[in-house]
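Numbering starts at 1 and runs along the sequence shown. The figures here come from the full heavy-atom set of this structure, side chains too, leaving out hydrogens, waters and symmetry mates.
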Amino acid sequence: MVSYLVLSLPSQRFLGLPAFYRTTMLSRLLKEHQAKQNERKELQERRRREAIAAATCLTEALVDHLNVGVAQAYVNQRKLDHEVKTLQVQASQFSKQTAQWISMVEGFNQALKVGCQPVSFSQPRETNNHLHSHSHLWAT
(Lines give C-alpha, C1' and ligand atoms only; values in the text may rest on other atoms or scores of the structure.)
Protein backbone atom coordinates (compact mmCIF):
# COMPACT_ATOMS: atom_id res chain seq x y z
CA MET A 1 0.00 0.00 0.00
CA VAL A 2 1.43 3.33 -1.03
CA SER A 3 0.80 6.20 1.32
CA TYR A 4 1.43 9.82 0.56
CA LEU A 5 2.81 12.15 3.16
CA VAL A 6 1.76 15.76 2.94
CA LEU A 7 3.93 18.17 4.85
CA SER A 8 2.23 21.02 6.56
CA LEU A 9 5.40 22.96 7.24
CA PRO A 10 5.99 26.22 5.48
CA SER A 11 8.32 25.59 2.63
CA GLN A 12 10.66 28.52 3.44
CA ARG A 13 11.37 27.32 6.96
CA PHE A 14 11.74 23.74 5.85
CA LEU A 15 14.10 24.50 2.99
CA GLY A 16 16.21 26.77 5.18
CA LEU A 17 17.12 23.89 7.50
CA PRO A 18 20.25 21.85 7.03
CA ALA A 19 19.84 18.57 5.15
CA PHE A 20 20.39 16.49 8.28
CA TYR A 21 17.48 18.17 10.06
CA ARG A 22 15.30 17.89 7.01
CA THR A 23 16.04 14.17 6.74
CA THR A 24 15.50 13.64 10.46
CA MET A 25 12.30 15.61 10.35
CA LEU A 26 10.99 13.73 7.33
CA SER A 27 11.99 10.44 8.91
CA ARG A 28 10.19 11.36 12.14
CA LEU A 29 7.09 12.48 10.22
CA LEU A 30 7.12 9.25 8.21
CA LYS A 31 7.39 7.15 11.38
CA GLU A 32 4.53 9.07 12.99
CA HIS A 33 2.43 8.63 9.89
CA GLN A 34 3.16 4.88 9.75
CA ALA A 35 2.41 4.53 13.48
CA LYS A 36 -0.95 6.29 13.04
CA GLN A 37 -1.68 4.14 10.03
CA ASN A 38 -0.88 0.97 12.00
CA GLU A 39 -3.11 2.17 14.84
CA ARG A 40 -5.96 2.71 12.37
CA LYS A 41 -5.37 -0.74 10.86
CA GLU A 42 -5.37 -2.35 14.31
CA LEU A 43 -8.51 -0.45 15.28
CA GLN A 44 -10.18 -1.48 12.03
CA GLU A 45 -9.12 -5.12 12.53
CA ARG A 46 -10.39 -5.08 16.13
CA ARG A 47 -13.72 -3.63 15.00
CA ARG A 48 -13.92 -6.24 12.23
CA ARG A 49 -13.35 -9.07 14.73
CA GLU A 50 -15.96 -7.56 17.09
CA ALA A 51 -18.44 -7.28 14.22
CA ILE A 52 -17.82 -10.91 13.25
CA ALA A 53 -18.26 -12.02 16.89
CA ALA A 54 -21.48 -10.00 17.22
CA ALA A 55 -22.82 -11.41 13.93
CA THR A 56 -21.95 -14.94 15.08
CA CYS A 57 -23.74 -14.42 18.40
CA LEU A 58 -26.77 -13.01 16.61
CA THR A 59 -26.83 -15.90 14.15
CA GLU A 60 -26.58 -18.46 16.96
CA ALA A 61 -29.35 -16.74 18.90
CA LEU A 62 -31.60 -16.68 15.84
CA VAL A 63 -30.90 -20.33 15.05
CA ASP A 64 -31.57 -21.31 18.67
CA HIS A 65 -34.83 -19.37 18.65
CA LEU A 66 -35.83 -20.97 15.36
CA ASN A 67 -34.89 -24.43 16.62
CA VAL A 68 -37.12 -23.97 19.68
CA GLY A 69 -40.03 -23.13 17.39
CA VAL A 70 -39.30 -26.08 15.12
CA ALA A 71 -39.01 -28.43 18.10
CA GLN A 72 -42.33 -27.22 19.49
CA ALA A 73 -43.99 -27.68 16.08
CA TYR A 74 -42.57 -31.22 15.92
CA VAL A 75 -43.92 -32.06 19.39
CA ASN A 76 -47.32 -30.63 18.47
CA GLN A 77 -47.37 -32.63 15.23
CA ARG A 78 -46.57 -35.84 17.11
CA LYS A 79 -49.40 -35.13 19.57
CA LEU A 80 -51.79 -34.50 16.70
CA ASP A 81 -50.73 -37.72 14.97
CA HIS A 82 -51.35 -39.65 18.19
CA GLU A 83 -54.78 -38.05 18.63
CA VAL A 84 -55.69 -38.85 15.01
CA LYS A 85 -54.76 -42.51 15.51
CA THR A 86 -56.77 -42.65 18.73
CA LEU A 87 -59.79 -41.09 17.03
CA GLN A 88 -59.50 -43.50 14.11
CA VAL A 89 -59.51 -46.49 16.48
CA GLN A 90 -62.46 -45.08 18.42
CA ALA A 91 -64.39 -44.33 15.22
CA SER A 92 -63.78 -47.88 13.99
CA GLN A 93 -64.97 -49.33 17.31
CA PHE A 94 -68.03 -47.08 17.26
CA SER A 95 -68.82 -48.15 13.70
CA LYS A 96 -68.60 -51.86 14.65
CA GLN A 97 -70.72 -51.31 17.74
CA THR A 98 -73.30 -49.39 15.74
CA ALA A 99 -73.45 -52.19 13.15
CA GLN A 100 -74.02 -54.70 15.99
CA TRP A 101 -76.80 -52.54 17.46
CA ILE A 102 -78.47 -52.20 14.06
CA SER A 103 -78.25 -55.98 13.59
CA MET A 104 -79.74 -56.57 17.05
CA VAL A 105 -82.57 -54.10 16.44
CA GLU A 106 -83.33 -55.66 13.06
CA GLY A 107 -83.35 -59.12 14.67
CA PHE A 108 -85.62 -57.84 17.42
CA ASN A 109 -87.96 -56.27 14.85
CA GLN A 110 -87.97 -59.49 12.86
CA ALA A 111 -88.77 -61.47 16.00
CA LEU A 112 -91.60 -59.10 16.82
CA LYS A 113 -92.98 -59.46 13.30
CA VAL A 114 -92.90 -63.25 13.53
CA GLY A 115 -94.23 -63.43 17.09
CA CYS A 116 -96.93 -60.84 16.62
CA GLN A 117 -98.64 -62.08 13.49
CA PRO A 118 -102.40 -61.63 13.66
CA VAL A 119 -104.17 -64.68 15.01
CA SER A 120 -107.29 -65.80 13.29
CA PHE A 121 -110.15 -65.89 15.84
CA SER A 122 -112.09 -68.32 13.69
CA GLN A 123 -109.80 -71.12 14.82
CA PRO A 124 -109.25 -70.52 18.54
CA ARG A 125 -109.75 -74.16 19.48
CA GLU A 126 -107.06 -75.54 17.33
CA THR A 127 -104.53 -73.04 18.62
CA ASN A 128 -105.49 -73.74 22.19
CA ASN A 129 -105.37 -77.47 21.62
CA HIS A 130 -102.01 -77.07 20.04
CA LEU A 131 -100.81 -75.06 23.05
CA HIS A 132 -102.25 -77.58 25.46
CA SER A 133 -100.67 -80.45 23.61
CA HIS A 134 -97.22 -78.94 24.15
CA SER A 135 -97.86 -77.70 27.70
CA HIS A 136 -96.57 -80.94 29.17
CA LEU A 137 -93.15 -80.14 27.67
CA TRP A 138 -93.04 -76.79 29.48
CA ALA A 139 -94.00 -78.22 32.83
CA THR A 140 -90.86 -80.33 33.11
Side-chain angles (χ1 to χ4, degrees):
M1 171 189 220
V2 177
S3 63
Y4 297 99
L5 179 63
V6 177
L7 296 176
S8 62
L9 296 174
S11 60
Q12 289 291 346
R13 282 183 40 199
F14 184 71
L15 292 176
L17 294 174
F20 171 75
Y21 289 118
R22 283 187 293 204
T23 306
T24 305
M25 210 175 200
L26 283 174
S27 176
R28 185 176 50 84
L29 287 173
L30 180 62
K31 286 180 184 179
E32 286 175 8
H33 173 72
Q34 288 174 342
K36 285 182 183 179
Q37 224 177 10
N38 285 337
E39 286 176 21
R40 276 189 241 121
K41 283 182 185 179
E42 289 174 9
L43 178 63
Q44 186 177 8
E45 181 64 25
R46 190 181 89 237
R47 287 180 179 167
R48 185 184 71 80
R49 284 192 304 262
E50 288 173 356
I52 289 172
T56 301
C57 287
L58 175 65
T59 302
E60 288 174 357
L62 290 172
V63 168
D64 288 344
H65 181 70
L66 181 64
N67 283 341
V68 167
V70 169
Q72 187 62 42
Y74 179 74
V75 167
N76 290 344
Q77 184 63 43
R78 296 225 16 193
K79 286 180 182 178
L80 286 173
D81 289 345
H82 178 70
E83 288 295 322
V84 165
K85 287 178 184 178
T86 302
L87 286 173
Q88 285 175 339
V89 168
Q90 289 175 349
S92 175
Q93 290 173 348
F94 182 72
S95 175
K96 288 176 185 177
Q97 196 174 30
T98 303
Q100 289 174 349
W101 290 343
I102 290 172
S103 175
M104 286 175 27
V105 168
E106 286 176 353
F108 182 70
N109 283 341
Q110 192 65 26
L112 285 176
K113 287 178 186 178
V114 169
C116 295
Q117 289 183 353
V119 178
S120 173
F121 291 106
S122 62
Q123 303 171 343
R125 293 275 253 163
E126 292 174 16
T127 304
N128 286 339
N129 288 339
H130 182 332
L131 286 174
H132 290 294
S133 67
H134 292 302
S135 64
H136 72 280
L137 293 175
W138 294 341
T140 57

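How far CG of N38 is from NE2 of H33: 9.5 Å, rounded to the nearest 0.5 Å. Summarising the geometry, atom CD belonging to E39 is positioned 11.0 Å from atom CZ belonging to R46; distances are rounded to the nearest 0.5 Å. Rounding to the nearest 0.5 Å gives a distance of 11.0 Å between CD of Q44 and CD of Q37. A distance of 12.5 Å separates CD of Q93 from CD of Q88, quoted to the nearest 0.5 Å.
Using a 4.5 Å heavy-atom cutoff, the side chains of R40 and K36 are in contact.
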message: Let's go through R48 and E45 carefully: what are the C-alpha distance in whole Å and the side-chain angles of both, what is the deciding distance for salt bridge (Lys or Arg N to Asp or Glu O under 4.0 Å) to 0.1 Å, and is it a yes or a no?
response: CA-CA 5 Å; R48 185 184 71 80; E45 181 64 25; 2.5 Å; yes
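Scored by the side-chain hydrogen bond (donor to acceptor under 3.5 Å, both in side chains) test, R28 finds E32 as partners (sequence neighbours excluded).
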Report, one line per pair, each donor and acceptor closer than 3.5 Å where one atom sits in a side chain of residues 59-85; sequence neighbours left out.
{"unit_1": "T59", "atom_1": "OG1", "unit_2": "A55", "atom_2": "O", "d": "2.7"}
{"unit_1": "N67", "atom_1": "ND2", "unit_2": "V63", "atom_2": "O", "d": "3.4"}
{"unit_1": "Q72", "atom_1": "NE2", "unit_2": "N76", "atom_2": "OD1", "d": "3.1"}
{"unit_1": "N76", "atom_1": "ND2", "unit_2": "Q72", "atom_2": "O", "d": "3.4"}
{"unit_1": "Q77", "atom_1": "NE2", "unit_2": "D81", "atom_2": "OD1", "d": "3.0"}

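In this structure a side-chain-to-backbone donor-acceptor pair under 3.5 Å is present from T98 to F94. With hydrogens and angles ignored, the 3.5 Å screen pairs no side-chain donor or acceptor of S103 with any backbone N or O of A99.
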